[in-house]
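Predicted model, so just to flag it, every value in this text is computed and none were measured. Chain A is the first sequence line, chain B the second, and so forth, proteins listed ahead of strands; every chain is numbered from 1.
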Amino acid sequence: MDFEDSADRRSQVNVKEELEEDPDFVTKGKGKKRKRKVDNTDAPSSTSEAPLPKKKRKKAAEEGQENSATVKKKIKGKKEKVIKEEGGHSVSTKKKKTKEEIEAARALKVKKKEEEEKQRWRWWEEEKYEDGVKWKFLEHKGPYFPPGYQPLPDDVKFYYNGKPVKLSLPAEEVALFFAQMVDHEYTTKEVFRNNFFKDWRKEMTLEERQLIMDLNKCDFGELHAMHIKKVEARKNLSKEEKLVNKEANQKIVDEYGYCVLDHHRERIGNFKIEPPGLFRGRGDHPKQGMLKKRIQPEDVIINCSKGSRIPEPPAGHRWKEVRHDSTVTWLASWTENVQGSCKYVMLNANSKLKGEKDWEKYEVARKLKTCVDAIRAQYQEDLKSKQMGTRQRAVALYFIDKLALRAGNEKEEGETADTVGCCSLRVEHITLHDTLDGQKCVVEFDFLGKDCIRYYNKVPVTKRVFKNLKLFMENKQEGDDLFDRLNTQTLNKHLSSLMPGLTAKVFRTYNASITLQQQLKELVKENVAEKLLSYNRANRAVAILCNHQRAPPKTFEQSMANLQAKMFTCKSILCVFSVVEKKKKAVQRCEEQLLKMEVQATDREENKQIALSTSKLNYLDPRISVAWCKNMEVPLDKIYNKTLRDKFAWAIDMTEHDFVF
DNA sequence: AGCGCCACTTAGAAGGCTGCTG
DNA sequence: CAGCAGCCTTCTAAGTGGCGCT
């Protein structure tokens, strides 16, 4: 990044700056458990600030590639048609079908698409509501509750210590949760097993509790087998039976999946109440395995218009509360028992409420573009501040900006897995190297971020940043905060004073989008396949910046090998055919195919452990992609599937080819 | 200043669906 | 014509950040 260079130069000019000695600012590690410390925003004189306890909080794949269907065998000399269907699936014309049928099918799709377009609420052309008001009218049917528990058949038994035990219904239900998971790694983990067993025992009758004392003596074999059989059976249903199920599901969606918001029918994102089960916290979560209880209507708060038809609670039940709060976007909420946090029923991403917010998010990021130079200059300057807190803020901001780190709110210890973001980094998460691999001032990051995804990076930084980091780490030990004078609130307060609406996370959005735009500018190619590879590479650059990882697909090696094999076949054919003059057309087609596969192979290989979807969905201003498609004459559905096109309808509609982020 | 709560976005995994291929 | 690869959807956990209260 260019701002980096100028920063480096500046630091060289002014090498020997005064470093404040600040004997008090360090908090020594307090035993093994880390302790949150100090947050004093800078007192007038910084040198003798005393550490104060930081507060604790109680808080509870899409790859954008074209469908492989578009790469297909060509038959005869006639060019095969590929029709893109509304759902993003492509349907190749069957040889059997007559021309008319094909034509009719295509006409139907076009019509359907037009119909849908006509139905679309073009909210982005309407005037916005006054601040804080999210809707004027809201009507819905309430959430959909999962089916109740079906007791085990008599021939499926649970065994304790080798003897069959007929469990009470509540205990049996929870036992089945565990049985369904036994081949998952979770059930081998000590914490998971202990939490499960503790919560399971709470569901048992007194007698059961007295009998069942040891999880290792429990035999869930028959329960597990039954579950496997059920899954199998569902898979083997006949076409007709599957259709029946599908229709039944559709009926539920039709009834519960939509609401009416200000005269428009909008899709709800998650209208189903989460079914009970065992809590699956990520990473080393201290609460993994705990029982996530069944939610009753009595737990659920309904939010809707006063004048609307209030949703009926299930027979024999009542709602916890019905309220009419138009300053929030949720339709229903409940408190979950494991973390004590709130869960919400909200609208789908293609709704006005979500879309408008999303649009706004990108507008704030674009605004940052206009003042980012000044902000960077300021934090470079702040690196020299006499106030320790200001320096820490400057270094943190440098990380957030340069490395797209998350803000790093504090978390309550013991409630969640030990993960950190920028402000919550601890000294053990970075290693300073005066030189490393021929580079100077290298910071080695190694920590677990959101979802326990490891962030590992070796980054050369400016001398001044490096020197500050050394200072921050003096007299500290493992468990101590790197930025002991900083937290996200003070950081964000500072940021919002620099630009309205500016917070730490805006930098991620800004840097992601600007990176995409820059990369797309650089990578220019000839044919569509190569253009798409360039797009994916630009997308990938962003995903790497944001550390969006995925587990390599289980089928990766196999599918790669398959692709290589196909390419080999293609090459062999070319070798043979190229000497036969009259096969010109076949040769040409084969070459095209080969190129396509080569591009695909490169793309797949580079994408092995990178998740493109998260950035595409959340960080990249869709208008950049829409404009790129227009300029490059690439069909939009090559990079956005139907869901994405719906979500970004506002951008697709308003973006011209000359859009600049 | 700091706490506690609340609302809303961001995240990867798992599961489902579909259309290609052998 | 079934089996399965790969895309898409669903699910829900895990973040961010604002606000009001003391």
More than 12 heavy atoms of other groups within 6.0 Å of A:K229 NZ: no
Sequence neighbours excluded, which residues qualify as side chain to side chain contact (heavy atoms under 4.5 Å, CB included) partners of [X]?
| X | answer |
| --- | --- |
| A:R323 | A:I301, A:N303, A:E321, A:D325, A:W330 |
| A:D183 | A:H224, A:I228 |
| A:D131 | none |

Anything under 3.5 Å between a protein N or O and an N or O of nucleotides 20-22 of chain C, put it in a table, one pair a line.
none

Distance in angstrom units between [X] [atom1] and [N] [atom2], rounded:
| X | N | atom1 | atom2 | value |
| --- | --- | --- | --- | --- |
| A:I268 | B:dC8 | CD1 | C1' | 17 Å |
| A:L617 | C:dT10 | CG | P | 13 Å |
| A:L243 | B:dG16 | CG | C1' | 15 Å |
| A:E241 | B:dG16 | CD | P | 16 Å |
| A:N641 | B:dG19 | CG | P | 14 Å |
| A:E410 | B:dG4 | CD | C1' | 13 Å |
| A:D637 | C:dC8 | CG | P | 10 Å |
| A:E412 | B:dG2 | CD | P | 17 Å |

Taking OP1 and OP2 of [N], is either one under 4.0 Å from a side-chain nitrogen or oxygen of [X]?
| X | N | value |
| --- | --- | --- |
| A:N487 | B:dG2 | no |
| A:R406 | B:dA11 | yes |
| A:T614 | B:dA11 | no |
| A:R234 | B:dG16 | yes |
| A:N409 | C:dG15 | no |
| A:R604 | C:dC7 | no |
| A:H184 | B:dA14 | yes |

Please classify the nucleic acid contact of [X] as base, sugar-phosphate, or nothing, using heavy-atom distances under 4.0 Å.
| X | value |
| --- | --- |
| A:T643 | sugar-phosphate |
| A:K235 | nothing |
| A:T329 | sugar-phosphate |

Suppose we screen for ring pair (Phe, Tyr, Trp, His ring centres under 6.0 Å). Which residues come up paired with [X], at least two apart in sequence or across chains?
| X | answer |
| --- | --- |
| A:F271 | none |
| A:Y144 | A:Y256 |
| A:H140 | none |

Which nucleotide sits closest to the side chain of A:Y619: B:dT10, B:dC8, C:dG17? B:dT10
Between atom NZ of A:K287 and atom CG of A:N337, what is the distance when rounded to the nearest 0.5 Å? 9.0 Å
Nearest 0.5 angstrom please: A:L636 CG to A:F648 CZ, how far? 10.5 Å
Whichever of A:Q549 and A:Y344 has its nearest DNA chain B nucleotide further upstream toward 5': A:Y344
Please figure out whether A:K134 or A:R508 has its closest DNA chain B nucleotide nearer the 5' end. A:K134
Using the side chain to side chain donor-acceptor pair (under 3.5 Å) criterion, which residues pair with A:E130? Sequence neighbours excluded. none
Does anything in residues 495-505 of chain A reach DNA chain C, meaning a heavy atom under 4.0 Å, and if so which residues? A:T503, A:A504, A:K505
Specify the residues of residues 349-358 of chain A, ordered by number, for which at least one heavy atom lies under 4.0 angstrom from an atom of DNA chain B. A:K354, A:K357
Can you see whether A:N245 engages A:E241 through a side-chain donor-acceptor pair at a distance of less than 3.5 angstrom? no
Can you tell me if A:R280 and A:Y186 form a side-chain donor-acceptor pair at under 3.5 Å? no
Looking at residues at least two apart in the chain, or sitting in another chain, which of them share a salt bridge (charged side-chain N to carboxylate O under 4.0 Å, His left out) with A:E247? none
At a cut-off of 3.5 Å, list every protein nitrogen or oxygen paired with a nitrogen or oxygen from nucleotides 12-14 of chain C, distance to 0.1 Å.
unit_1	atom_1	unit_2	atom_2	d
C:dA13	OP1	A:K292	NZ	3.1
C:dA13	OP2	A:K343	NZ	2.5
C:dA14	OP1	A:R282	N	2.6
C:dA14	OP2	A:H285	NE2	3.4
C:dA14	OP2	A:Q339	NE2	3.2
C:dA14	O4'	A:D451	OD1	3.4

Donor-acceptor pair, distance only, cut-off 3.5 Å: does the side chain of A:N270 make one with the backbone of A:Y344? yes
Check this for me, if you would: do A:R366 and A:E363 make a salt bridge, where the nitrogen-to-carboxylate-oxygen distance has to be below 4.0 angstrom? yes
